Amino acid sequence: MFIQTVEIRTPRLDEARALADEWSARTEGRRTALRTITAKDRHQDDTYVMFVEFPDAEAARANSELPETGELAGKLTALSGTPLRYRDLDVVDEVDHRTPTRKTLDCREIPSERGCGLTISGPAEEVLEAAAQHAVSAHGHTDGEELRASLRESLRDEPPGR
């Protein structure tokens, strides 16, 4: 993963967002940026940092070479009245400090003659209960501790953002 930061100083954030939205629409299907997070500096008035995530440095370079990207940089610089500040960062470590609270159980990962494609997600006990009911009604299993132990082993943490 590769992160490019872009710092802009402007009291006109709404206009900067509109320019970024226009760039996004014009580069649909060609841009390589995965996502952008914009943060406001709490200690410097009218200062914002955009964190733009890319799969790698090559993808960032390709994105920078789009004519629309150069146009956006020029418009943001004009809006700011000061040069934009960039940093190119190779991600060396990523730690997710959130505690997963939701679980998922995917029938596709459990061997079955039926080839079921159901996925259930939610709080662990609710997923376990729904999965047991599904296993009995759709797959003909008998509810009991053995079934629930097997289902419990199949529970996975739900990926963040779902």
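These numbers come from a predicted model, not from an experiment. Numbering starts at 1 and runs along the sequence shown.
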Would you give the length of the straight line joining atom [atom1] of [X] to atom [atom2] of [Y], rounded to the nearest 0.5 angstrom?
X    : Y    : atom1 : atom2 : answer
T38  : Y48  : OG1   : OH    : 10.0 Å
L66  : T32  : CG    : OG1   : 7.0 Å
L105 : T119 : CG    : OG1   : 8.0 Å
L76  : I8   : CG    : CD1   : 4.5 Å

Are [X] and [Y] packed together at the side-chain level, in the sense that at least one heavy-atom pair is separated by less than 4.5 angstrom?
X    : Y    : answer
N63  : F54  : yes
T142 : L147 : no
M1   : E53  : yes
R152 : L128 : yes
M50  : E7   : no

Which atom names give the shortest non-hydrogen contact between [X] and [Y], and what distance separates them?
X    : Y    : value
L155 : K103 : CD2-CB, 4.2 Å
T10  : S80  : CB-CA, 4.3 Å
T5   : L89  : CG2-CD1, 4.0 Å
R9   : T82  : CB-OG1, 4.2 Å
A132 : D143 : CB-OD1, 4.1 Å
V91  : F2   : CG2-N, 4.3 Å

Worksheet entry | Side chains of T104 and E158, donor plus acceptor under 3.5 Å |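 No pair is found: no donor N or O on one side chain lies under 3.5 Å from an acceptor on the other.
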
Test item: [X] side-chain N/O and [Y] main-chain N/O as donor-acceptor pair under 3.5 Å:
X   : Y   : value
T77 : A73 : yes
T47 : D45 : yes
S24 : A20 : no
T69 : E65 : no

Practice prompt. Tell me, please, which residues at least two apart from H139 pass side chain to side chain contact (heavy atoms under 4.5 Å, CB included).
Written response: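 Result, side chain to side chain contact (heavy atoms under 4.5 Å, CB included) vs H139: C107, S112, R114, C116, H134, H141.
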
Worksheet item: Is R17 atom CZ crowded by more than 12 heavy atoms from other residues, nucleotides or ligands, each under 6.0 Å away?
Response: no

Discussion item. Would you say CD of E145 has more than 12 non-hydrogen atoms from neighbouring residues, nucleotides or ligands within 6.0 angstrom?
Written reply: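 Yes, enclosed.
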
In this structure, would [X] and [Y] fall into the same cluster of hydrophobic residues linked by side-chain contacts under 4.5 Å?
X    : Y    : result
L13  : W23  : yes
V6   : L34  : no
L151 : V136 : yes

Worksheet item: Between L19 and L72, is a side chain to side chain contact (heavy atoms under 4.5 Å, CB included) present by the stated rule, with each step listed?
Response: CA-CA 7 Å; L19 290 170; L72 174 62; 3.8 Å; yes

Practice prompt. Start with the C-alpha gap between E129 and R148, add the side-chain angles, then the distance that decides, and say whether side chain to side chain contact (heavy atoms under 4.5 Å, CB included) holds.
Written response: CA-CA 8 Å; E129 184 62 34; R148 288 175 183 261; 3.1 Å; yes

Worksheet item: Would you call K40 and D46 a salt bridge, using N to O less than 4.0 angstrom?
Response: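 Judged by the 4.0 Å cut-off on N to carboxylate O distance, K40 and D46 do not form a salt bridge.
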
Worksheet item: Please walk me through it: do E126 and R102 pass salt bridge (Lys or Arg N to Asp or Glu O under 4.0 Å)?
Response: CA-CA 10 Å; E126 290 178 21; R102 293 178 56 87; over 6 Å; no

Fill in: Qualifying residue, where the test is salt bridge (charged side-chain N to carboxylate O under 4.0 Å, His left out) with E68 and the options are R31, K75, R30
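That would be R30; it is the only one of R31, K75, R30 passing the salt bridge (charged side-chain N to carboxylate O under 4.0 Å, His left out) with E68.
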
